[in-house]
Visitor: 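Starting off with a structure, shown below.
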Amino acid sequence: MKSSPWWKEATIYQIYPRSFFDSNGDGEGDLQGITSKLQYVQELGVDAIWLSPFYTSPNKDGGYDVADPRDVDPRFGNLEDAKKLIEVAHSLGLKVLVDVVPNHFSDQHVWFQQALKAERGSAERARFHFYDAKEDGTPPNNWISLFGGPSWTQVEDGQYYLHLFDSSQPDLNWENPEVASDYEVTLRFWLDLGVDGFRIDVAHGLVKENLLTNHPDPQGISDALRLDVSMDPEIRYALLPTVPYFDRQGVHEIYRKWRKLFDSYKDREIMAVAEAWVHPPVNATRYVRSDELHQVFNFDLLDAPFKADFLYGVVTRSIELMDSVGALPTWALSNHDSPRVASRIGEVQARALALFVMALPGSCYVFAGQELGLPDGEIPDSSRQDPIYFRTKGAQKGRDGARVPLPWNGETAPFGFTSGKPWLPLTDKWKELTVEKQSADPKSTLNLYRSALKLREDHLTTQGSITWLESPEHGAKSSSLLAFRRGNVSIYMNLSDLPVEVEITGKLLIMSAGTVDGRDGKMTIPAVSTIWVHH
Ligand code: GLC
Ligand code: CA
């Protein structure tokens, strides 16, 4: 059954426009390309798409550096193409979410260009965070950019501006009412064009505190915020709440106002999901209080090891926390900022985990290509584009691996993605992973996703919460078996390298690998696999 409102237990497919499908042979995906493939998306069985940014942008940070939030970048098409995309999506029963980036603009936005020309203390500069240098000429404080290097850049007259990310992404000053009202215009612009909601980039970052004070451990907080830097969890968890630019109480006031705006579209079910990396996890629940946003990303599975106790902890905690504010959790195994799940935990493991996660209550986010079991792309350093790679002088490779274009058909790269030269190279090794090959193979990852999403809707959504059957705290079968019941379906995930026999009767709905032997009230679940059994 479809949930109501539509977003409550939706499956939402994230499209990175530059990498989806190229309609004009310039090597980059575009809006017309997406529109031409929406049928494919609908047949996958998802409820909605979320489009990463396609706005006017110099593209220093994959379009998350927005020069005009109310227009389309020519590389992706134009506003007519956006309208058409929304129309076609709706005609196929798909909702459309667009990404908004309220924390910063591109330095090419007209406001920033005006600020550069204006004087210190001017209204133009007050839209951003411009401050004088300290007496010794150094930046106003010692914060470090999330992309490496200082988070301040000096302009000609000696003032510095703040940028939590690349120097081409000046942070907006949300204390300034002009910023807030301009953003409302942007939200209305897209809603009036027909979108069904928003993914809010860096939703936890809009309000900064102690802007003119040094942090006692700037490198520490910078490392603590990075998933790829290993750190003693105790130290990390002590540092995170001290980050002066994330998860400040003031952000919630902004989302209360946005919620009123969304709700003013009375005949529509508008939704917004926050990208909020916060700690402790309970803080995430604040973003989805009933007068704020509808969903908040749960990033725990993006770097979770394939281990029963860890996964059990994430699932139980996420469900319980969200329940405390009457919300449902969200689940994501991959996105454009993190290594693809098949590369991170293994192909077979990724199939098992996907099937496990799709049965859980809440919304499921699927990053385009995940349904093909795509690994990260192999990218020579000379082709890298991510500012992280450049700002860290190559010390960190950055996120391009997850952003390689999709393989559609044919026997050699770029597999129909473009008739030109793809903006990031695809490898010939992906020959068996194309949409064409996988559509024809009943055992492919693509067909696993298609079947699972259909079964999810038939048997699982709207079925309420779960009851654990096997976990580190329930049952006693094995330390590498997780199982729960939801509605009339039991879900078993065998994480071990050996098959495991369990007592279950019922009809096998789907399995992620191998063949399942069932007789005498018992089933043997193959190594590293998940099954759904209907009672
Ligand atoms: C978010 C986006 C990421 C971007 C950053 C800065 O984390 O997901 O891709 O680089 O914001 O806008
Ligand atoms: Ca193109």
Side-chain angles (χ1 to χ4, degrees), residues 14-37 50-55 57-67 69 72-78 81 85 97-107 109 145-148 151 162-172 198-206 225-228 245-246 273-278 296-297 299 302 332 334-339 365 367 385-392 396 398-403 405-406 414 416-424:
Q14 179 191 359
I15 294 180
Y16 197 70
R18 215 176 163 197
S19 300
F20 200 61
F21 186 69
D22 176 20
S23 71
N24 63 354
D26 64 0
E28 300 185 65
D30 44 57
L31 296 185
Q32 287 194 13
I34 296 171
T35 306
S36 71
K37 294 288 185 190
W50 144 31
L51 299 166
S52 281
F54 49 82
Y55 318 112
S57 164
N59 197 36
K60 294 263 176 61
D61 181 24
Y64 284 92
D65 47 327
V66 180
V72 173
D73 195 277
R75 75 173 70 228
F76 295 120
N78 56 37
D81 296 328
L85 189 161
L97 306 182
V98 293
D99 218 311
V100 285
V101 192
N103 182 67
H104 44 267
F105 276 158
S106 154
D107 59 0
H109 189 286
S145 151
L146 276 98
F147 287 172
S151 55
L162 175 76
H163 52 89
L164 293 184
F165 296 90
D166 190 50
S167 55
S168 67
Q169 294 167 294
D171 281 50
L172 284 161
F198 303 97
R199 178 261 188 190
I200 305 168
D201 189 68
V202 197
H204 56 315
L206 277 44
L225 287 165
R226 302 191 50 93
L227 293 181
D228 54 345
Y245 42 83
F246 280 161
V273 54
E275 183 208 24
W277 300 81
V278 297
V296 56
F297 283 127
F299 296 114
L302 289 180
S334 289
N335 66 25
H336 66 294
D337 290 329
S338 47
Y365 285 78
F367 179 41
Q385 317 243 348
D386 190 344
I388 294 187
Y389 176 73
F390 299 104
R391 286 185 66 86
T392 62
Q396 288 158 30
R399 303 159 294 180
D400 296 316
R403 300 176 178 179
L406 260 58
F417 162 72
T418 177
S419 58
K421 183 174 182 282
W423 71 282
L424 283 177

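FYI, the numbering just counts along the sequence from 1. Keep in mind that what you see is a predicted model, and the values were worked out from it rather than measured. Just so you know, ligand 1 is whichever comes first in the structure, and atom 1 is the first atom listed for that ligand.
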Visitor: In plain terms, say whether R403 and D337 are close enough for a salt bridge, that is, a side-chain N and a carboxylate O under 4.0 Å apart.
Guide: yes
Visitor: Closer than 3.0 Å to the Ca ion (ligand 2), which protein N, O or S atoms?
Guide: D22 OD1, N24 OD1, D26 OD1, E28 O, D30 OD2
Visitor: Side chains of V66 and S57, heavy atoms from C-beta outward: is any pair under 4.5 Å?
Guide: no
Visitor: Within the 3.5 Å criterion, strictly below it, is a donor on Q32 or D81 matched to an acceptor on the partner's side chain?
Guide: yes
Visitor: So which protein residues pack against ligand 1 under 4.0 Å, heavy atoms counted?
Guide: D61, Y64, H104, F147, F165, Q169, R199, D201, V202, E275, H336, D337, R399, R403
Visitor: Does the side chain of V202 reach to within under 4.5 Å of the side chain of F165, using non-hydrogen atoms?
Guide: yes
Visitor: Just jot down the side chain to side chain donor-acceptor pair (under 3.5 Å) partners of S52, sequence neighbours excluded, or say none.
Guide: Q14, Y64
Visitor: According to the interplanar angle, ranging from 0 to 90°, do the rings of F299 and F297 count as parallel (below 30°), tilted (30 to 60°) or perpendicular (above 60°)?
Guide: tilted
Visitor: Hey, are the side chains of S145 and D166 touching, using non-hydrogen atoms and a 4.5 Å cut-off?
Guide: no
Visitor: With the threshold set at 4.0 Å, does a side-chain nitrogen-carboxylate oxygen contact exist between R75 and D22?
Guide: no
Visitor: So, using side chain to side chain donor-acceptor pair (under 3.5 Å) as the criterion, who are the partners of Y245 when residues are at least two apart?
Guide: none
